[in-house]
Every structure is written in structure tokens, then in C-alpha cells.
Trainee: 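Supplied in C-alpha cells, the structure appears directly below.
These numbers come from the heavy atoms of this one structure, side chains and all, not from hydrogens, waters or symmetry mates. Below, read A as the first sequence line, B as the second, and so on, with proteins coming before strands; counting in each chain starts at 1.
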There are 2 protein chains.
Amino acid sequence: MQHAKVVERFEEFLKGRNLKLTSQRRRLLDRVFATHEHFSAEQLYSWLRGEPGDPVSRATVYRTLSLLTEGGFLATLDAGRGELIYEHVLGHEHHDHILCLGCGRIEEFHDEVIEELQRRACEAKGFVLVSHDLRLRGYCKTCQRRQPASKASDRTAT
Amino acid sequence: MQHAKVVERFEEFLKGRNLKLTSQRRRLLDRVFATHEHFSAEQLYSWLRGEPGDPVSRATVYRTLSLLTEGGFLATLDAGRGELIYEHVLGHEHHDHILCLGCGRIEEFHDEVIEELQRRACEAKGFVLVSHDLRLRGYCKTCQRRQPASKASDRTAT
DNA sequence: TTATTTGCAAACCTTTTGCAAGTGA
DNA sequence: TCACTTGCAAAAGGTTTGCAAATAA
């Protein structure tokens, strides 16, 4: 999706909530859609500090990230490292994640059969499904070389 | 699994690590296996304060929960409510969770086909799978009655 | 003009940790 | 005995919030 379109949608979203398009919000939006990486609030804050532009405080970064998430511009992912990870959504198909326990690397994958089975499992319990997330954890090729084979005692919740 | 057997395993586990069986650890173990509910550290701490027995500090609750998790006695679940949720493992088959966004209720389910597809997805990316968790989020039957149908803007990461 | 935003620093919440006193083996 | 544990309170780490000054519309 072209960036102008994203900005337009954001403006509509703000208007619909009687919110203003400030230079900080605009900078956040631009920066977030300038990368395809997964990032944390702190990461984004640090990018913004290091790049030219109107200063943005940490508080505003958090507030705007929430806003973008509510607006469906961003999605969150808890990678189990104590901080929320964000990724942008528009023009980015739904996918699940594989997390490397060694280096923190995040890979994406998608399996339509799994998706369908999830819908059925939910129905069977009488729930209306709103969202889901599936996280696989293990060691990537690089970390498999560094790391001894994982022992049962290293395993976390499955 | 009978409780005596669980205690025996815990003693072995401690012995193997040169750790001692204190009254606090024993109380924690007993309490945790006395329920089939999912609970948080704070919840457990509050149970212990309200019930007769040797006092157990918050710090010890956290330390012992980590110990029990490492030993494979407990599994953790991040239900997305800001705190870790625990459940006991022994005699409890692996399962995934469905979380109610309305009331926080947690249901369990299991699908062997999904499990197999996860293994394959992991292999395809060159990862060695250690663990996984799948969380479906939606509204349970009770909350569907209370709650208006969910709108797209309510949706969180999928 | 004026309701909304921002930045700052303090507050929050869950979890972890340093340290001196206590205790199981 | 003595290494391991506990409790306390302080610290940590990510995130949220109150408030006065700044700003978009």
C-alpha cells in the first residue's frame, strides 16, 4: 500500500475520533511504515531520537503506538522478552511467528489449514473468535550451531 | 497423579540440584496441585496468606514458581493481562488456550493435527522446535450476550 | 479560542535482587 | 556446621499518567 494512502487513512481515523494530526503523530506513522522490521516501543523511540525531525518524547511514543494499534495500523506481538513487539499491518497479510530462543530472531509463517482448524476449535467451545496468535519457539539454524541440543529441562510452557 | 508421587518427584528434583525442601516450598507445591485453576503469582500469594500454614513471602512465591516451572511441574501462560498465569503440568496433557476477552475466562483445547502442522512449519524454517503456544481470543457464550458483536476496531493482533 | 497534545517526571505493576538473619541436612 | 533459604525492602524494567505549557483547527 502506498504511503499517501496510509496517511490518508490515519487522518480519517483521527478525524473520526476528534483527534489532531500533530507533527509527532505524523513522524511516528511515517517511521513505523518505513520499516518492515518488528520493533519495540524503546526501539522506535531510539530510532526517532537518532534521526532528524521534531523531537518525540517517550510518553508520546507509547501513546501513539496505542493509538495506531487501536486503529488497526499496527499489531502487537508478545515475544516473551518482557516488552511488546509491534509490526505494521496494512498491506501485510496475517501470519504467525517462530521465535528463536537464542538470538530473539523472529520469523513469520502462515498455514491456512491451521487457521481453519482454529476456527473450528473455537466454534466447538461456543466462542466467537476475534483474534489468535500462535508462537513457536525454538532455535534457528545459527543458534543450533552455538547452542548444545536443547534439554527437556530447558523447555518452557508448550 | 497422586499427590505423594508429585511430592516424591519434587524431592528428587531438589536433591538433583542440591536444594532443600523447606516448609515454604512444600506449602507452595501442595497448594499449586490442590487446584486445577489457572492462577497468577499474586493470586497464589493471596491464597497462601489467607490459609493456615507457615507464612510465605511474595519473593519466595516468585522464586518457587520459577523453580517449579524449571522442574516441569508448572507451565506458564501469558494471557495478555500483564501478569504470567501458571497451571500445573503433571498428569495434565498438553493443550492450547481460548481466552475470553470479556471475562478473562480460560478454556483449553487440543488438536493433534494443528500440533503436527506446527512441527512441519518449524522444520520448513530450519528451526528446532522447543515449545509453542497458541492462544485464541474471543467472547464466550456468556459474554456474547452482554457484549455487542465485536467490531473490527476492537481486534488485537491476529 | 479552546479542546487536544505534548513533555516531564513521578507513579504503576509485576517481577527480581542484595543482604542479613534463619534453617534444613 | 554451613551452604542454602527466607523475608524485607529496594531496584528493575516496561508502560502509564497527572499536570502545566504548547499547539492544531
Trainee: What is the distance, to the nearest angstrom, from the CZ atom on A:Phe39 to the C1' atom on D:dT15?
Mentor: 16 Å

Trainee: Of B:Glu83 and B:Leu21, whose nearest nucleotide on DNA chain C comes first from the 5' end?
Mentor: B:Glu83

Trainee: Taking ring pair (Phe, Tyr, Trp, His ring centres under 6.0 Å) as the cut-off, I'd like each qualifying pair that reaches into residues 104-123 of chain A, sequence neighbours left out, listed once.
Mentor: A:His94-A:His110

Trainee: Taking atom types as modelled and ignoring hydrogens, do the side chains of B:Ser57 and B:Thr60 form a donor-acceptor contact shorter than 3.5 angstrom?
Mentor: yes

Trainee: Between atom OG1 of A:Thr22 and atom CG of A:Asp54, what is the distance when rounded to the nearest 0.5 Å?
Mentor: 9.0 Å

Trainee: Shorter than 3.5 Å, N or O on both sides, protein versus nucleotides 4-8 of chain C: list them out with atom names.
Mentor:
residue : atom : partner : partner atom : Å
C:dT4   : O4'  : A:Lys20 : NZ           : 3.4
C:dT5   : OP1  : A:Lys20 : N            : 2.9
C:dT5   : OP1  : A:Arg25 : NH1          : 2.7
C:dT5   : OP1  : A:Arg25 : NH2          : 3.4
C:dT5   : O5'  : A:Arg25 : NH1          : 3.0
C:dT5   : O5'  : A:Arg25 : NH2          : 3.1
C:dT6   : OP1  : A:Thr22 : OG1          : 2.7
C:dT6   : O3'  : A:Gln24 : NE2          : 3.3
C:dG7   : OP1  : A:Gln24 : NE2          : 3.3
C:dG7   : OP1  : A:Pro55 : O            : 2.8
C:dG7   : OP2  : A:Ser57 : N            : 2.9
C:dG7   : OP2  : A:Ser57 : OG           : 2.8
C:dG7   : OP2  : A:Thr60 : OG1          : 2.6
C:dG7   : N7   : A:Arg63 : NH2          : 2.8

Trainee: Measuring to OP1 and OP2 of D:dT16, would you say a side-chain N or O of A:Tyr62 lies under 4.0 angstrom away?
Mentor: no

Trainee: Rounded to whole Å, how long is the line connecting atom CD of B:Glu11 with atom C1' of C:dG24?
Mentor: 13 Å

Trainee: Could you check how far CG of B:Leu65 sits from P of D:dT6, rounded to whole Å?
Mentor: 12 Å

Trainee: When you check the side-chain N and O atoms of A:His97 and A:Glu87, is any donor under 3.5 Å from an acceptor?
Mentor: yes

Trainee: What integer distance in Å separates A:Ile85:CD1 from D:dG13:C1'?
Mentor: 14 Å

Trainee: With distance as the sole criterion, is a donor-acceptor pair present between the side chains of B:Arg137 and A:Ser131 under 3.5 Å?
Mentor: yes

Trainee: Once you round it to whole Å, what is the distance between C1' of C:dT14 and CG of A:Leu84?
Mentor: 14 Å

Trainee: Could you give the CD-to-P distance, from A:Gln43 to D:dT15, as a whole number of Å?
Mentor: 13 Å

Trainee: Starting from P on D:dT15, measure out to CG on A:Leu44 and report it in whole angstrom.
Mentor: 12 Å

Trainee: Rounded to the Å, how far apart are A:Arg81 CZ and D:dA12 C1'?
Mentor: 18 Å

Trainee: Between the side chains of A:Trp47 and A:Glu51, does any donor sit under 3.5 Å from an acceptor?
Mentor: no

